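Following: one structure in structure tokens, then a few remarks.
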Amino acid sequence: MTSIVRTAGAVSLAATAAATIIATAGGGQSSPPQAIDMKALATTITATGAPGAGQAPAPAPQPVAPPAPQPIAAPAALPGADQANVTNWLPQINSAMQSAGIDTPQRAAAFLAQVGQETAGFATLTEYSDGSDYNGRADLGNTQPGDGPKYKGRGGLQLTGRNNYERASQALGVDFVNHPELVADPKYAFATAAWYWNTHNLNAVADNAHPQDPASIDPVSQIINGGSHGRDVRRDHFIQACQILKCP
């Protein structure tokens with residue numbers, strides 16, 4: 001991987017927490033916008049009508065099944081991040097976290113820390129470089145001319161290389177091989193991130209990360225990035241997200 005990332009009536013509000021991450025933006029970006037307010041939403045709202053005169057008594061309430069578990073966190077406030085993108089991508093981020101079993105504060109903080117760095121503060125879902133450096137990288141499956149730029153980093157965790165595009169295509173049933181640009185579509189950007197997270201068993205790795213030891217997030221970073229690029233930023237992201245999510 002590369003680095004650069006209410007309706008009226010009965011309704012359950014989707015997001016359950018907010019994570020604050022100060023992200024390092026990529027080159028040439030404009031000054032970051034101000035953070036928006038963070039909101040913790042975990043309530044169920046039920047609309048009720050005012051009782052009218054002469055109404056019959058309401059029937060006894062029926063047992064209600066408990067609500068389905070909600071994603072544990074989504075970044076509703078990210079100082080230094082692209083706020084418009086954060087707002088627009090929240091549903092896809094929530095869905096990806098839920099599908100990947102990112103259901104504890106530590107896992108959520110680890111995931112958001114990596115996405116924050118890989119997308120340059122949620123500013124882009126496509127690697128800034130042209131990808132030519134990946135030409136001829138057999139370890140990435142780039143064996144054909146032009147594979148480097150064609151399969152450069154895209155998505156929430158910057159999916160890179162023909163091999164990863166082929167495997168993600170098979171897993172998600174989307175032709176990323178012939179249409180690699182789809183990985184940069186928010187519809188698939190975080191789905192591919194969740195796929196990569198699960199296929200590399202990153203929940204188990206994140207379970208061993210603790211905010212008291214910033215370096216404990218490094219194994220997650222190593223698997224995603226393959227090196228130490230952005231190491232200190234990833235550590236900072238993890239610590240800040242854990243403070244909001246109250247990691248143990």
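These figures come from a predicted structure and were not determined experimentally.
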Could you tell me whether a side-chain N or O of Asn225 sits under 3.5 Å from a main-chain N or O of Ser221, the two making a donor and an acceptor?
-> no
Tightest non-hydrogen contact, residues Cys242 and Ala109, listed as SG-CB, 3.7 Å
Checking Gln158 side chain against Gly155 main chain: does a donor-acceptor pair fall under 3.5 Å?
-> yes
Residue from Lys150, Arg162, Glu127 passing side-chain hydrogen bond (donor to acceptor under 3.5 Å, both in side chains) with Tyr134 | Glu127
For the student: nearest non-hydrogen atoms of Met97 and Leu112, plus distance | SD-CD2, 4.3 Å
What are the two closest non-hydrogen atoms of Thr87 and Pro91, and how far apart are they?
-> O-CD, 4.1 Å
Please tell me if the side chains of Lys152 and Thr126 come closer than 4.5 Å, counting only heavy atoms from C-beta onward.
-> yes
Tyr151 side chain to Gly146 main-chain N or O, any donor-acceptor pair under 3.5 Å?
-> no
NE2 on His179 to CG on Asp185, rounded to 0.5 Å | 13.0 Å
Between Ser169 and Val174, is there a donor-acceptor pair closer than 3.5 Å when you use the side chain of the first and the backbone of the second?
-> yes
Side chain to side chain contact (heavy atoms under 4.5 Å, CB included) assessment of His237 paired with Val233 | CA-CA 6 Å; His237 286 179; Val233 175; 3.2 Å; yes
Note: Asp218-Arg234 ion pair, threshold 4.0 Å (strictly below) | no
Between Tyr165 and Arg154, do the side chains contain an N or O donor and an N or O acceptor separated by less than 3.5 Å?
-> yes
Under 30°, 30 to 60°, or over 60°: which ring-plane class applies to Trp89 and Phe122, parallel, tilted or perpendicular?
-> tilted
Output for pair (Phe176 CZ, Leu159 CG), nearest 0.5 Å, gives 8.0 Å
Note: Gly161 and Asn142 closest approach over all heavy atoms is CA-OD1, 3.6 Å
Atom pair CG/CG of Asn85 and Leu125 - distance to nearest 0.5 Å = 7.0 Å
Are the side chains of Asn198 and Asn203 in touch, meaning some heavy atoms are under 4.5 Å apart?
-> yes
Hey, which of Trp197, Phe238, Tyr196 is the one that makes ring pair (Phe, Tyr, Trp, His ring centres under 6.0 Å) with Phe111?
-> Trp197
Main-chain N/O of Leu140 paired with Asn164 side-chain donor or acceptor, under 3.5 Å | no
Nearest-0.5 Å distance that lies between atom CG in Asp175 and atom CD in Glu166 | 10.0 Å
Atom CD in Gln114, atom CD1 in Ile223: separation rounded to 0.5 Å?
-> 9.5 Å
Minimum heavy-atom separation for Ile239 to Pro214, with atom names?
-> CD1-CG, 3.5 Å
Side chain of Ser216, backbone of His210: donor and acceptor closer than 3.5 Å?
-> yes
Write down the atom of Ile217, the atom of Ala110, and the distance for their closest heavy-atom approach.
-> CD1-CB, 3.6 Å
Side-chain touch Cys247/Gln106, heavy atoms, less than 4.5 angstrom | yes
Output for pair (Asn208 CG, Asp213 CG), nearest 0.5 Å, gives 11.0 Å
